Visitor: 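First the structure, which I've put down as structure tokens, then a few questions once you've had a look.
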Amino acid sequence: MSWLPPLDLTSWPTTAEKAMALQDELRPLICPVTPPGARFRTVARLDSAYADTGAVTAAVVVLAADTLRPVASAVAHGAAAFPYVPGLLAFREIPATFAALEKLCTAPDLLVCDGQGLAHPRRRFGLACHLGLLTGVPTIGVAKTVWGEYAEPGPERGAATDITIDGAVVGRALRTRAGVKPVFVSVGHRIDLDTACAQVLALTPRYRLPETTRHADHLCRAALRTATGN
DNA sequence: GCGACAG
DNA sequence: ATCTTGTCGC
């Protein structure tokens, strides 16, 4: 018995129209609130790597929130299930990512995704939202580039400004390192924006991106090379 | 109409 | 995402 509910890939969308319809259908189920008493003792970072052949490898690295030390990791590989389409990244990334998560013995307390959560144009349902609903685990999106409008936050670490789309606050530009381009944080599911930003700051004591990113990035790239044959 | 567009 | 040379800084 896994901590993760099964993912039925036979009904995975194969067209942009069906994918967008699914996003519209799932959007109302998002809960942007941290469950009472929630504790984030372990945090997982997710990443994917692609080969020109269409092969994909996903990696998950779990770390202890207090020490930022890795405590578990897993990889999974397969074929890209969807082309890259702006706004539909989740349909490309989730199948392999989910397979990697299935290999973990226990559920992480928080999943940190590469990309957007609610800071997603038009449908407000980015990768982090989708993965949050599928896993039931709190998720946040940390993107390197933004969709939406924001004012440049102050130069010091911790400075933040709201990101808005059509006038609605959908995330926050957060300076994780003094004098360096901010990251763009948005809620995925089961966490609030303030808590999400606090978690991202806790994960970035020295680099712009969360501590585990290099680890997850190196892990899936190395695994992809092995699976592909260098 | 044209360009821009998470990873 | 991925492909690449050089460069700056701790």
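A note on names: the letters A, B, ... follow the listed sequences, proteins ahead of strands, and every chain is numbered from 1. In this text the structure is predicted, and so the values were computed from the model without any measurement.
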Visitor: Using a cut-off of 4.0 Å on non-hydrogen atoms, how would the nucleic acid contact of A:Ile94 be classed: base, sugar-phosphate, or nothing?
Guide: nothing
Visitor: Mind calculating the distance between CG (A:Leu209) and P (B:dG7) to the nearest angstrom?
Guide: 10 Å
Visitor: Grab the CG-P distance between A:Asp217 and C:dA1 for me, whole Å please.
Guide: 7 Å
Visitor: What is the distance, to the nearest angstrom, from the CG atom on A:Asp47 to the P atom on B:dA6?
Guide: 16 Å
Visitor: Output the single nucleotide from C:dT2, B:dG7, B:dA6 whose closest atom is nearest the side chain of A:Asp114.
Guide: B:dG7
Visitor: Pick base, sugar-phosphate or nothing for A:Gly141, based on heavy-atom distances below 4.0 Å to the nucleic acid.
Guide: nothing
Visitor: Could you state the CZ-P distance from A:Arg122 to B:dA6, rounded to the nearest angstrom?
Guide: 11 Å
Visitor: What is the ring orientation for A:His130 with A:Phe91, classed by angle as parallel under 30°, tilted 30 to 60°, or perpendicular over 60°?
Guide: perpendicular
Visitor: Counting side-chain heavy atoms from CB outward, which of B:dC5, B:dG7, C:dA1 is closest to A:Leu89?
Guide: B:dG7
Visitor: Is A:Asp217 salt-bridged to A:Arg45, going by a charged N under 4.0 Å from an acidic O?
Guide: no
Visitor: Out of B:dG7, B:dA6, C:dA1, which has the shortest distance to the side chain of A:Arg92?
Guide: B:dG7
Visitor: For a stem of at least 3 consecutive Watson-Crick or G-U pairs with distances under 3.5 Å, i pairing with j, i+1 with j-1 and so on, which stems involve DNA chain B?
Guide: none
Visitor: Walk me through it: do A:Ser48 and A:Arg92 pass the test side chain to side chain donor-acceptor pair (under 3.5 Å)?
Guide: CA-CA 10 Å; A:Ser48 300; A:Arg92 179 167 172 79; over 6 Å; no
Visitor: Treating A:Trp3 as the side-chain partner and A:Thr135 as the backbone partner, does any N or O pair qualify as donor plus acceptor under 3.5 Å?
Guide: no
Visitor: Which dot-bracket string fits DNA chain C when only Watson-Crick or G-U wobble pairs with both atom distances under 3.5 Å count, crossing pairs get [ ], and | stands for a partner on a different strand?
Guide: ..........
Visitor: Could you give the distance from CG (A:Leu101) to CG (A:Leu131), rounded to the nearest 0.5 Å?
Guide: 6.0 Å
Visitor: Could you say whether the aromatic ring of A:Tyr84 and the base of C:dA1 stack, counting only centre distances under 5.5 Å and plane angles under 30°?
Guide: no
Visitor: Report yes or no: do A:Thr164 and A:Asp162 form a side-chain donor-acceptor pair below 3.5 Å?
Guide: no
Visitor: Is any side-chain heavy atom of A:Thr34 less than 4.5 Å from a side-chain heavy atom of A:Phe40?
Guide: yes
Visitor: Less than 4.0 angstrom between a side-chain N/O of A:Tyr50 and OP1 or OP2 of B:dG7, yes or no?
Guide: no
Visitor: Taking only N and O in the side chain of A:Thr145, is any of them less than 4.0 Å away from OP1 or OP2 of B:dC5?
Guide: no
Visitor: If we ignore angles and hydrogens, is there a donor and acceptor under 3.5 Å between the side chains of A:Tyr84 and A:Glu93?
Guide: no
Visitor: What is the separation between atom CZ on A:Arg177 and atom P on C:dC8, rounded to the nearest whole Å?
Guide: 17 Å
Visitor: How many Å lie between CH2 on A:Trp147 and P on B:dG7, as a whole number?
Guide: 9 Å
Visitor: Taking only the side-chain nitrogens and oxygens of A:Arg221, find out if one of them lies under 4.0 Å from OP1 or OP2 of C:dT2.
Guide: yes
Visitor: Test A:Phe82 against every option in A:Leu88, A:Thr14, A:Thr15, A:Ile94 by the side-chain contact (heavy atoms from CB on, under 4.5 Å) rule and name the one that passes.
Guide: A:Leu88
Visitor: Quick one: do the A:Thr57 and A:Arg221 side chains pair a donor with an acceptor below 3.5 Å?
Guide: no
Visitor: Contact class for A:Ala51 (heavy atom, under 4.0 Å): base, sugar-phosphate, or nothing?
Guide: nothing
